[in-house]
Amino acid sequence: MPFMSRKMKNSLFGYLFIFPALIGFLLFYAWPAGRAVGISFTDWNLLSEPYYVGLDNYVDMLEDDQFWNGLKLSAYYVLLNIPLQVMLGLFLAVAMDRLTKSLFVKAAILLPYLLSNVLVALVWLWMLDPILGIVNSLVSFFGLTPQAYLGDPDQALVSVAAINIWRHMGLCAMLFLAGLQTIPKYLYESASLEGVTEFQMFRKITLPLLRPVMVFVLVTSVTGSFQIFDTIAVTTAGGPLDSTRVIVYYIVQNAFSFYKMGYASAMSVTLCMIMLAYTLLQMHIMRASESDLN
Amino acid sequence: MTPARCVAWLVLITMLVVTLFPLLFVAKTSFVPAGELYTTSTQLLPDNPTLSNYKKIFGLLSTEESIAAGGSGANINITTSMINSVIFTGIIVIVQTFNCALAAYAFARIPFYGSKLLFGAFVASMMIPSVVTLIPNFVLMRDLGLLNSMLGMVAPFFLMHGFAVFFLRQFFISLPKDIEEAAQLDGANSFMIFFKIALPLSWAPLMTVATLTTINMWNEFLWPFLIATDDSMKTLPVALQSFKSQTPQGQPDWGGLMAATVVATIPTIIMLFFFGRRIVESVQFTGGK
Amino acid sequence: MANITLKNVTKRFDKLETIHSVNLELCDGEFVVFVGPSGCGKSTLLRLIAGLEEITEGVIEIGDKNMNNIAPANRGVAMVFQSYALYPHMSVRENMSFGMEMRGESKENIHTRITKASHILQLDELLDRKPRQLSGGQRQRVAIGRAIVREPDVFLFDEPLSNLDAELRVDMRIQIAQLHKKLKATMIYVTHDQVEAMTLADKIVVLRAGHIEQVGSPMELYHNPNNMFVAGFIGSPKMNFLPALISDIEADNSVIVAFNGQKILFKIQSDKLSIGDPVTLGFRPEHIHLAKQEDGFHFDITVDVAEHLGGISYLYSRFENNNMTIEVSGENVLTSGDVLSVGIKQSDCYLFDQAGKTLIERVLPNR
Amino acid sequence: MANITLKNVTKRFDKLETIHSVNLELCDGEFVVFVGPSGCGKSTLLRLIAGLEEITEGVIEIGDKNMNNIAPANRGVAMVFQSYALYPHMSVRENMSFGMEMRGESKENIHTRITKASHILQLDELLDRKPRQLSGGQRQRVAIGRAIVREPDVFLFDEPLSNLDAELRVDMRIQIAQLHKKLKATMIYVTHDQVEAMTLADKIVVLRAGHIEQVGSPMELYHNPNNMFVAGFIGSPKMNFLPALISDIEADNSVIVAFNGQKILFKIQSDKLSIGDPVTLGFRPEHIHLAKQEDGFHFDITVDVAEHLGGISYLYSRFENNNMTIEVSGENVLTSGDVLSVGIKQSDCYLFDQAGKTLIERVLPNR
Amino acid sequence: VEIKYVLWDSNQLPAYQQCATDFSAKHPNISVKITQSGWDDYWTALSTGFVSGTAPDVFTDHLAKYPEFVKNNQLVDLSSYIERDKLDPSIYTDGLYEVWGKDGKQFGLPKDWDTIAMIVNMDMAEKAGVTLDELNFMTWNPQDGGSFEQIVRKLTLDKNGNNATSDKFDPNNVAVYGYQNPGAGGMLGQTEWSHFAASNGFKFQDKPWGSQFYYDDKSLADTLDYITGLAKQGLSADFKNTQSLGSDSMFIAGKAAIIPQGSWMITYFDNNVKSKYHWVPLPKGPSGKRATMFNGLADSIWSGSQHKEEAWQWVKYLGSADCQSVVASKGVVFPAIKGMAEKAVGAQMQRNIDSSAFLTMSQSETYLPPIAKNGARIDSTMESAIQSILLGKESAQEALSDANKKVLRYSK
Ligand SMILES: Nc1ncnc2c1ncn2[C@@H]1O[C@H](COP(=O)(O)OP(=O)(O)OP(=O)(O)O)[C@@H](O)[C@H]1O
Ligand SMILES: Nc1ncnc2c1ncn2[C@@H]1O[C@H](COP(=O)(O)OP(=O)(O)OP(=O)(O)O)[C@@H](O)[C@H]1O
Ligand SMILES: [Mg+2]
Ligand SMILES: [Mg+2]
């Protein structure tokens with residue numbers, strides 16, 4: 001088709017390639033999301049007809065302490081969760097790449113992720129029970145002071161973060177491990193001849209070349225953490241003393257307990273915007289669309 | 001072994017212990033008879049190991065026996081739900097991974113109108129809270145008459161997932177360009193390059209995504225729960241949810257829950273060992289100089 | 001029909017202009033060699049012709065058809081990449097058959113062609129290996145094989161023999177020459193090897209920093225380089241350049257050049273020259289004799305370094321403050337510090353004006 | 001001290017044995033060149049010495065210390081990879097400084113060394129580019145630069161100049177020779193270029209299919225190749241081989257060889273020879289004259305292809321059913337089909353027995 | 001016609017399955033398909049069903065949830081059916097029928113009821129010299145705790161085996177807690193505090209559906225102060241230490257000697273408690289009476305049902321003596337129809353479970369759980385407030401006053 005410019009031809013191919021995914025996106029994401037934006041301007045309790053209230057929901061939201069508290073807790077949770085999770089995941093991945101190729105280690109590291117969120121939460125709920133749990137009995141065994149963990153407003157969110165780190169560390173490691181495979185081995189050979197230490201190789205070769213995957217992990221794990229719900233629903237239900245009532249928990253509560261779907265939608269839209277802004281920033285800063293390998 | 005490596009090994013082993021310990025706890029609890037759950041909760045081994053929890057899972061106990069063993073009286077057809085789960089997960093993993101790989105490749109390599117915007121939108125799809133999508137999607141399934149059907153169960157998942165698209169694209173951008181250029185000169189069109197070059201070179205990320213999708217879908221509860229109301233359609237997590245809390249204040253049937261977990265996890269563990277090798281056995285990019 | 005025309009082809013990477021408005025016409029079935037210093041734009045030109053890079057300005061035509069918007073796949077070219085670009089996940093055989101499969105060649109056809117090519121390239125025993133299990137030279141041969149089995153209209157070879165040993169290289173060179181004869185395809189060949197360039201080319205294109213310096217047959221370039229750059233670039237070791245002066249201009253374009261106290265008459269266009277102008281004399285190392293020549297210059301040099309290669313030796317020497325390289329054939333035991341008297345025939349001398357442009361137009365030897 | 005000893009070094013990839021029990025001693029400060037056909041194991045040997053591959057059997061010692069279990073980082077070697085192995089995310093400058101920085105060299109030190117190296121390698125203007133923005137030859141120079149700024153005890157060069165143009169190549173060759181003189185480091189150098197091998201090497205190691213065929217100085221190999229393989233491999237174009245016969249054995253190791261109806265006496269060990277044995281005569285292309293020589297063979301050849309390179313021409317010819325390559329210097333217009341009478345001096349002849357082993361031991365020219 | 005019916009308690013599933021079988025025998029044209037799902041998922045599925053029009057025809061309803069459904073017309077008003085079929089509401093235990101009605105409409109037929117009692121570890125009681133008699137007749141007041149507290153003190157042991165009546169008792173190293181408060185309890189305090197408070201004169205609400213709430217009443221504040229005080233003295237575990245597995249598990253594990261719990265847990269405890277135990281009535285409070293929340297479930301019909309008539313037949317059957325006697329005979333819960341509870345207790349007796357304490361409680365002063373729209377929000381507010389009291393972050397009176405203000409706003 002010589003009458004078509006290269007760009008047009010590319011576009012044809014491009015859309016053919018994304019066609020199935022695009023359908024899925026439009027049907028199951030774009031349309032509900034668009035609807036949610038619409039609903040956010042209404043008062044809707046799920047069961048009866050919504051009616052238009054303009055920006056009321058957004059105004060309410062700005063004045064709602066619980067909303068701000070939820071956002072703050074979510075942000076705090078992300079800060080507790082991500083650095084450690086990513087660092088541990090990275091360490092594991094590098095260890096699996098450079099230390100041992102053992103399939104057992106690989107499988108073992110991913111095992112926690114095989115359990116569903118809810119199950120993981122239940123298991124830890126049990127183990128972290130201050131009186132009956134095995135963790136405190138280990139803690140006492142080592143002569144330390146038993147803690148209340150999920151029951152203590154000061155520790156609850158940290159405990160939830162720890163649970164999630166435990167579950168997701170292996171996932172992170174898997175993602176990074178896949179990323180490590182793209183780094184040509186000869187770079188390490190070359191570096192090792194230059195007398196570069198393992199740690200320096202990590203810093204100067206692995207990390208920079210892992211960038212595309214790193215952006216991915218950062219974006220998905222941060223936005224994923226922002227959406228933490230299951231674990232909290234199972235372990236603390238937002239308590240004690242609201243110390244774990246993170247934003248999504250609050251949104252779900254509004255939607256399905258308080259039947260305030262309009263308000264929940266407004267908060268969802270806002271949350272979505274915040275995450276999107278973060279994502280765009282992160283992807284821009286880390287040049288997500290470029291790879292140094294090309 | 002250098003000291004750095006020794007330290008690394010130590011840390012790795014510590015992390016392995018921390019990782020595995022709770023799982024041992026799960027396994028242990030699955031062998032604890034009701035009534036000893038709380039008295040042995042700080043022990044590593046059960047005092048009187050029993051298989052009754054497993055019998056419960058496999059429906060080998062009558063309802064009354066099962067209730068007496070601290071369980072619920074729910075009837076579980078584990079074979080059916082296991083088969084359903086395999087079909088459900090299988091369809092999604094295969095179709096979704098394929099669709100996402102296609103899309104990811106286009107986003108990485110084909111400069112088409114609107115690609116940046118659409119990619120952004122796909123990434124953003126991961127950030128839409130499920131509160132927002134649940135009901136519209138459910139209504140859509142109802143309107144399409146897909147309630148209680150396998151198609152309805154897989155519908156929101158099998159066409160695309162932002163996670164997979166994003167992940168795979170990040171790999172496709174790292175593929176050596178000159179190899180694809182060589183393929184272009186060899187007369188391959190974009191589809192051929194995708195199938196013959198990009199896909200085979202991306203075994204590691206593809207397997208990683210497939211593995212993660214398998215795990216997620218194997219555990220997916222809410223959607224199949226809502227769609228599949230028929231016993232014959234239930235997936236494993238839906239069938240096993242009766243081991244979770246029954247009443248607002250009640251405790252789950254811990255022993256049953258843990259046994260169910262062990263049983264439900266075994267297929268994924270097998271899969272992990274099966275695919276694990278592929279995951280890291282990637283092609284090194286040594287086609288060049 | 002695969003004549004190739006480049007019209008004002010310009011290529012910029014970001015702001016960096018690498019190819020500057022290049023014009024070039026290559027005839028169908030011609031064997032064209034691109035030479036030029038490292039980084040002058042040879043590979044870039046090939047990639048532009050193949051369509052792997054978009055041209056910033058200008059037009060590329062193959063077989064009289066504008067190719068600017070034609071995808072690489074449809075240009076009918078095969079290329080040996082400087083970096084090989086083998087498919088890492090495919091065996092050697094698959095690497096070679098891929099292109100043919102894409103074009104729907106029959107199984108037998110593919111098989112015969114691969115068998116033949118792998119035989120020529122001495123790859124028979126490696127057909128089932130993956131690229132990572134090959135040595136550098138073996139990979140390079142696979143890259144060649146991948147291109148030649150395709151039998152396209154246009155071949156683009158980017159230093160295809162650089163990693164092969166001398167013997168294989170000669171072999172391959174001959175094979176490529178034969179292939180060219182057989183297929184009558186247009187071939188563009190980038191090389192740094194003088195012998196390859198001189199022996200294979202119908203036409204050599206000398207590039208410098210994104211410009212074309214001269215286009216011509218090998219003998220033309222050897223005997224009549226346009227300028228000092230081409231003169232220095234064609235021939236190895238490089239031509240020696242020494243400063244001289246115009247001491248007199250007689251009628252009839254007879255110019256007398258003074259060098260080392262000797263004066264010799266050259267028959268050259270004298271229009272733009274005036275007495276006292278500095279000029280540059282060029283002598284090729286292989287034209288310098290260890291004895292005074294009748295009708296020519298002679299002078300004494302001091303050997304700095306002597307390299308003995310067996311059949312010939314290179315003497316890196318000094319004349320006054322100029323470096324001189326001399327090729328001496330036959331056994332000898334010359335070494336550093338030796339002072340030699342050397343001579344060169346007038347007919348072997350090259351002469352360039354101040355701007356480096358040639359002053360002598362030689363008649364090519366011809367049977 | 002960086003003498004290198006290989007004792008029974010064997011390397012197997014899976015089941016494939018690539019290096020077969022190699023023994024080699026390289027002295028401290030020596031310049032050693034590895035040559036051999038493509039795929040013979042040169043790169044593998046370098047990688048074994050560097051410690052990038054584990055040796056399957058045997059011992060490698062550097063400076064008399066067993067290196068088998070020493071990490072590459074601690075062997076004190078720098079290597080130019082055949083595939084360059086540049087860090088794709090670092091600029092040229094960073095590529096070169098990386099190793100030094102990591103070893104804590106001072107900023108100024110790094111700076112001066114890089115400035116110097118980049119000047120030598122003509123990379124000054126490319127220091128801030130990333131590898132992907134470089135041409136093939138530029139990348140190769142960066143790879144060289146990265147190795148030489150390190151100034152280690154042992155250099156391993158794997159075809160470091162293969163992608164450079166002739167002029168640059170000569171330059172670089174001289175620079176490497178000077179570097180060797182200055183640093184007195186042990187250098188191992190893989191090349192396919194005869195000139196490089198002959199001019200740089202203190203010692204040449206000829207490899208074939210994972211075996212060492214011969215070790216010696218360039219002149220030794222040129223004049224006294226152990227066998228036909230080495231004879232054929234050293235020197236370009238390749239030596240011509242023609243079949244001959246032992247027609248008579250006189251006393252005193254005087255053997256008479258019959259070829260083309262001519263009989264000539266060679267002074268060689270006659271113990272293992274008997275009358276009527278077939279032998280192989282070797283003539284180097286550069287030793288064949290276009291005239292009958294006193295004391296030597298002469299015969300008529302038919303030119304198949306004539307390659308004119310300017311200063312010299314190669315005539316690919318036939319004598320009876322044997323291919324012959326002849327180097328002719330000076331201008332000429334010989335071409336395909338010409339029949340020439342050629343001669344060769346007895347002293348330029350090589351002679352090999354049936355198994356290909358040399359029969360003549362020559363005294364090397366020496367001042 | 002197939003009627004879809006859902007419930008959340010799997011313990012009851014066998015009984016209702018039996019009912020369904022019997023029902024189908026009587027109504028050959030109607031079959032009943034029962035689906036059971038756990039508490040949380042149950043309500044999610046139900047909401048989605050309402051929104052999308054795919055909810056089950058009949059479902060087990062809860063007092064805390066139904067006001068919202070009523071408000072949004074999701075429930076069928078049964079009064080006309082009841083009238084038509086001349087159903088007699090007085091067969092149900094008093095109060096159970098009325099709470100499911102509003103303004104003359106009726107939204108459910110009662111299926112069962114529950115009360116609260118205390119379960120006591122008798123091995124410990126015997127060791128501490130506490131008799132069953134003493135336990136059966138405990139008294140309580142917010143000042144000194146009455147005989148209840150005395151018993152609790154005797155049952156509380158530190159690591160060295162000293163009980164809390166002794167001077168040597170170490171409140172920071174308790175091995176067994178005499179009494180364990182289950183938690184904060186939200187707006188109901190069903191097992192947590194409402195029984196203490198009610199016996200201290202507390203009242204939730206002016207009337208069902210009323211907009212007046214009395215959470216700021218001193219009677220409640222005193223009660224909560226008292227409960228908080230128990231933990232301070234080491235007689236109960238701290239609130240924050242009991243939020244994971246909770247008091248039930250502590251009791252089963254032998255870490256708590258007495259806990260309050262509802263009748264729906266009878267079977268569970270019997271299956272899990274290995275030591276000797278006994279259910280005893282709640283203590284009498286300052287009012288001189290025992291008090292317990294009297295709560296019940298009902299079956300409702302969804303207004304979107306396509307088969308309302310058949311659904312009604314099923315609901316009617318569920319609320320009939322035929323079905324409820326089946327339920328009673330299984331001894332899982334106490335059916336709503338008068339006299340059936342005794343039958344259930346009898347059935348339990350046959351399994352060596354003495355659940356008569358619950359009957360006793362049902363015959364003492366009972367009160368209904370509060371009913372209001374925006375129940376979930378009120379619940380959430382109260383939960384936070386009471387947590388902060390139990391955690392010692394705020395004084396009871398203050399926290400309750402603040403909370404009640406919010407509650408009043410929501411209930412308007
Ligand atoms: N990883 C590998 N697995 C199997 N065989 C290999 C591997 N690497 C190299 N070889 C084989 O070992 C032999 C020696 O390879 P090596 O790279 O040392 O050759 P070389 O002498 O450097 O050749 P060249 O001049 O072509 O670079 C070759 O035949 C090659 O095919
Ligand atoms: N992607 C790029 N971005 C910027 N500059 C580039 C890029 N690719 C090539 N160049 C520059 O363009 C010039 C020409 O490069 P090219 O690869 O065509 O050289 P070449 O003639 O093939 O050299 P060589 O003989 O070394 O392979 C070089 O100076 C190179 O640095
Ligand atoms: Mg190039
Ligand atoms: Mg090599």
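Here is the naming used below: chain letters follow the sequence lines, and residue numbers restart at 1 for every chain.
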Check whether A/Leu280 gets within reach of chain B through its side chain, its backbone, both or neither, counting any heavy atom under 4.5 Å.
neither

Quick check on A/Leu27 against chain B: is it the side chain, the backbone, both or neither that has a heavy atom closer than 4.5 Å?
both

Tell me, side chain or backbone of B/Leu140 under 4.5 Å from chain A's heavy atoms, or both, or neither?
side chain

Report yes if some heavy atom in the side chain of B/Leu102 is under 4.5 Å from a heavy atom in the side chain of A/Leu16; otherwise report no.
no

Between the side chains of A/Asn10 and B/Tyr113, is a donor N or O closer than 3.5 angstrom to an acceptor N or O?
no

Between OG of A/Ser268 and CE of B/Met127, what distance do you get to the nearest 0.5 Å?
14.5 Å

Do A/Trp126 and B/Val26 have side chains that approach each other closer than 4.5 Å (heavy atoms only, starting at C-beta)?
no

Are the side chains of A/Met127 and B/Pro22 in contact, using a 4.5 Å heavy-atom criterion?
yes

Side chains of B/Ile128 and A/Pro32 in contact at under 4.5 Å (non-hydrogen atoms)
no

Please classify the contact of A/Phe229 with chain B as side chain, backbone, both or neither, using a heavy-atom distance under 4.5 Å.
neither

Distance, nearest 0.5 Å, that separates CZ of A/Phe28 from CZ of B/Phe158
7.5 Å

Segment of A/Leu115 engaging chain B (4.5 angstrom heavy-atom cut-off)
both

Okay, A/Ala95 and chain B: the region with an atom under 4.5 Å from a heavy atom over there is side chain

Heavy-atom distance under 4.5 Å between the side chains of A/Phe256 and B/Leu134, does that happen here?
yes

Take a 6.0 Å sphere around CE of B/Met192 and say whether it holds more than 12 heavy atoms from other residues, nucleotides or ligands.
no

Would A/Tyr29 and B/Phe122 count as a close aromatic pair, with their ring centres under 6.0 Å?
no

Measure A/Phe91 against the heavy atoms of chain B and call it side chain, backbone, both or neither at under 4.5 Å.
side chain

Hey, does B/Leu272 have a side-chain heavy atom less than 4.5 Å from the side chain of A/Tyr113?
no

By a 4.5 Å heavy-atom criterion (distance strictly below it), what part of A/Met96 contacts chain B: side chain, backbone, both, or neither?
neither

Region of A/Leu88 that comes under 4.5 Å of a non-hydrogen atom in chain B:
both

Assess the pair A/Phe17 and B/Phe107: is the distance between their ring centroids shorter than 6.0 Å?
no

Pick one of side chain, backbone, both or neither for A/Val219, based on which atoms fall under 4.5 Å of a heavy atom in chain B.
side chain

At a 4.5 Å cut-off on heavy atoms, which part of A/Val252 comes close to chain B: side chain, backbone, both, or neither?
both

